[in-house]
Amino acid sequence: MFKWMHRQHQHVTAQRQQPASSQTNEQSYDNVLEEIQAQLRHIADISYQQLHPGKDSACTLIYIESIIDKSILYDQIIKPLQAAGQAATGEELMSAALGGSLTSVQSVSVTDVKHAIAGILDGSAALIVDNLTAMCLFPLSKYSQRSISEAQNEVLITGPQEAFVESINANVSLIRHKLKHPDFKMIKYSLGEYTQTTTYLMYIEGLCDPDTLQQVGTKLSEIQIDSILGSNYVAEFIDHEPLSPFPIIQFTERPDTLVASLLEGRIGIMVDGAPQTLIVPVTFFSLMQSPEDYFQQYVASTWIRWIRFFFVIASFLVPSIYIAITTFHPEMIPSDLLTTIAAAREKIPFPALAEVLIMELTFEGLREAGIRIPRPLGQTVSIIGAIVIGQAAVQAGVVSAPTVIVVSITGIASFIIPHFELGLAFRLLRFPLLIMGGALGLYGIIIGMFIMYWHLVTLRSFGVPYLYPLAPLVLQDWKDVFWRVRWPKMNKRPYSFGSNHEQRQQTEDE
Amino acid sequence: MNRLWLVSLLMSVLTLSITGCWSKMEINDRSFVSGLFIDVTDVPGEVELTLVTPLPNRFASMGQSSGTGSASPVAIISEKADSLPEAFRKIQESLTRKLTWGQTKVIVLGRKYAEKGVEELVEWGARQQSFQLKSYLFIAEGRAKDITKLSPIYEQSPSEVLREFANRRTLLNTRLKDVLQSISDHQGLAVNLLKIKNKTMISEPEPSSMWVVMNGAALLQSTKMIGTLSESEARGVGWVYRSLKDPQYTVMLREGRCSVNLHHQKAAIKPVLQAGGHLFRIKMTAGADIVAADTKLDVSKPEVLHSIEQAINDKLTADLRSALLKSKQVKADVLQLGSYLEWWYPAEWGRLKAMWPDYYKEKVRIDILSRVEIKHYNGELKPIWNLK
């Protein structure tokens, strides 16, 4: 039966793999215009503008109105065409258009109908002279897009507030505003069969590792998929550790983060249509850094980093240690605290592990629901969450107050992690560790932590060890890990990502 | 790679069988014993075991209602049986929760029980892994069970009160494991002695409250109690045990008296081999702060200070000497001088070990030297009525 199902599946996918437009019936057309019209039939928003009908230089402009810059079209293309077409022949017109003497807009010559259609769909205007097969494309794309706004997911108090938007040109302009050096290179890829998404691979030549660059570039060019709708699609393709809960790719929607990473020797991938950019390679400690650390005083940012590390550990250890110690090792708790906890747990019907699991799952549900709550209801629902779940559950005797405290501390701690994907990893890891702690006590927690640590130590992100510079120990790079030294002291680039150029600043002895 | 994972998985699963961590028990299925009180009964050969366990459900209701409940927050349970484990079993059988040792802080022995010998307690306690050998040991002058009737005015349970007695370090803070150590060395030990007083406290609703004080120390030799020390003698011994914290001494001067607080006490013991009987030099040093100088003598003068120091030194030496004299009479090597001999002159100790208690009584000589220096005057230099 499985073989039969497999054969059916193969039949269906075989049919699906060929886009309809490539199954060309071998018809011949009188001219390219008819061929294009045949391929683009049933598309309502394509305009065919005929110029000089009846003359020798009769030509047609094909474009899609909604994605083209109409003022440039009318001023720079149609007007000169109308002026020139009065007297010239078709060939003269086409050669003028291709030669650049007709209009100030740059022209691209195409001979193949497929390329012409791709260009039209990409926001160019195609000029077809009726009797000729040569075609000319004028790139005039202008998509409507969101304006540059604040970063919503990476919020800072001080520092630049702008964030990427969906249009790749706007994003590149934000980057170019910050990086003005010829070594900043961008390689273009068009990914996705139906979406033809523009993707740029960005790096600074001389700072990044050529092997990593090659690896990433190869992976990008190997992507064969129907559509790329967001940067996560690309991320999952280049992710070489899909089974690890820890992210080996960093996402950011802030241009300053991207530029700082490029300057460290990392590689950025920008995908059209999504504001998140990918940055590879990544280490655990770079995911624990927030851009805010660099826009504040170094003492303050050091302190906040320590708080962050402490709460990261708290976010996945507190529930399991609470369960393990109260259930298996109560002699470790000081007497007064023990009496308080025991008093609070007197009438609770559930065992401690079940109680914590219920509260944790409720909290996760609340968190998810909170993302989708329509703004008018947000206030009400948060009150319901706090009062019903927190207060009333404790007073009704369904859960105990220490459990609520433990779960809230864990919840708050998990939001402290600046990068969402790492926070997600710890959120997920909390549950197995909780089960281990509830089943095997502190020994179970130690086993779980050991396995996790083992995994982290052997994990590599595009060749860079994940726990660099802690393991392997490279003390010269500790200036920016657990504390941040002042900018004048950060005069060398991190050793891991890049190649040769170590000196970041001009010091006196250079 | 696959094989590596499989082997690691197998090893991890195998180690699970040796953890012993499957004995999960909810916190509310346990009852934590906070104090242990042991007596002999009138029937010879029988012991009475009293356990003090805090009751979380009473704590819970007290937290909510916030009133002085008439119900006590601890449960005090007693049973008589032929041996301690039997008595323990009888108590456990009548309880709904499992008695757990993890939080035991205090063990009190009745005097008669201590004089009979604590072998059973030591054996039972040392053999159970979860029994807290670090719990403090006390001996009550009468019956240990009567101590549980004390009114814990500042604390919540009697065992908390006794634990704080030891924590405050006003006298001694001997633990059960010190007893184990002294037994294995065949030497003696001093343990706090508790005495019951009835006081009338105006703030309490009851007409008279039972108040427990530490009244000197009891001398243990190996497993039996064989003597007592008065309070000042016990302080001397406590000095050498380093269990005294900020003791205050009052001495009489040529005219008037002076009270001082001592800090940074040190006691150094060194044995010296001598033909007639070995000599042990005990040197006690400390710094002193004057608490009150109720005297017309000019305290700012060095001679007066020296005289105060001399008086204190004399008192300390006399206290310790009388303690040691008493311990020699009962053949209890309370300062563990035998251990010092063993450390410095092991061959000599090997020779004397078998007859050490007798040797200690007859032959050992002790030389006590005390050096106290007054370091601070505290608030004022001379008494305000003596400023001339």
Side-chain angles (χ1 to χ4, degrees), chain A residues 241 243 320 322-356 394-397 400-403 406 432 434-452 454-455 458, chain B residues 1 4-5 8-9 11-13 15-35 52-65 73-74 97-106 129-135 155-157 159-160 163-164 167:
Chain A
E241 296 273 356
L243 294 176
S320 29
Y322 169 70
I323 295 291
I325 290 189
T326 56
T327 323
F328 290 92
H329 315 281
E331 55 266 6
M332 284 174 69
I333 310 179
S335 312
D336 294 328
L337 184 60
L338 183 64
T339 317
T340 314
I341 294 179
R345 297 217 64 245
E346 261 306 305
K347 303 253 184 332
I348 308 295
F350 302 109
L353 180 60
E355 205 187 325
V356 171
V394 170
Q395 277 194 333
S400 64
T403 309
V406 159
L434 188 57
I435 309 273
M436 292 287 275
L440 295 174
L442 274 182
Y443 183 63
I445 295 179
I446 291 179
I447 293 180
M449 289 286 297
F450 185 73
I451 294 178
M452 198 176 92
W454 181 12
H455 175 69
T458 54
Chain B
M1 201 52 208
L4 181 63
W5 272 109
S8 322
L9 195 64
M11 287 199 311
S12 326
V13 168
T15 55
L16 291 182
S17 58
I18 54 171
T19 56
C21 275
W22 46 69
S23 45
K24 175 176 101 120
M25 188 170 275
E26 280 299 310
I27 225 180
N28 296 105
D29 292 334
R30 293 185 200 252
S31 175
F32 296 98
V33 177
S34 68
V52 171
T53 61
L55 291 171
N57 51 346
R58 298 253 178 96
F59 278 109
S61 60
M62 274 167 73
Q64 301 277 21
S65 56
V74 289
R97 302 187 180 197
K98 183 165 188 337
L99 291 167
T100 312
W101 289 120
Q103 301 273 344
T104 311
K105 299 285 194 284
V106 146
Q129 300 102 320
S130 54
F131 195 91
Q132 299 289 334
L133 292 175
K134 63 177 181 168
S135 24
E155 311 293 334
Q156 307 231 289
S157 81
S159 37
E160 273 184 40
R163 180 197 77 204
E164 287 303 318
N167 273 342

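For clarity, every value in this text was computed on a predicted model and none was experimentally measured. Chain identifiers are assigned alphabetically (A, B, ...) following the order of the sequence lines, protein sequences preceding nucleic acid strands; residue numbering begins at 1 within each chain.
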Evaluate the side-chain proximity of A:S335 to B:E160: yes if any heavy-atom separation is below 4.5 Å, no if none is.
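B:E160 vs A:S335: side chains apart.
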
Looking only at atom types and distance, does a side-chain atom of A:E331 sit under 3.5 Å from a main-chain N or O of B:T104, one as donor and one as acceptor?
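Looks like no, no N/O pair under 3.5 Å.
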
Test side chain to side chain contact (heavy atoms under 4.5 Å, CB included) applied to B:E26 and A:T326, A:I348, A:T327, the passing residue:
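With B:E26 as partner, A:T326, A:I348, A:T327 yield a single side chain to side chain contact (heavy atoms under 4.5 Å, CB included), made by A:T327.
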
Heavy-atom pair with the smallest gap, counting every atom of A:A342 and B:N28:
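Minimum heavy-atom separation between A:A342 and B:N28: O-ND2, 3.2 Å.
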
B:Q103, B:Q132, B:K105: which one forms the most heavy-atom pairs within less than 4.5 Å of chain A?
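Option with the greatest count: B:Q103.
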
Kindly compute the distance separating CG (A:L338) from OG1 (B:T100), expressed to the nearest 0.5 Å.
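Nearest 0.5 Å value for the CG-OG1 distance: 9.5 Å.
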
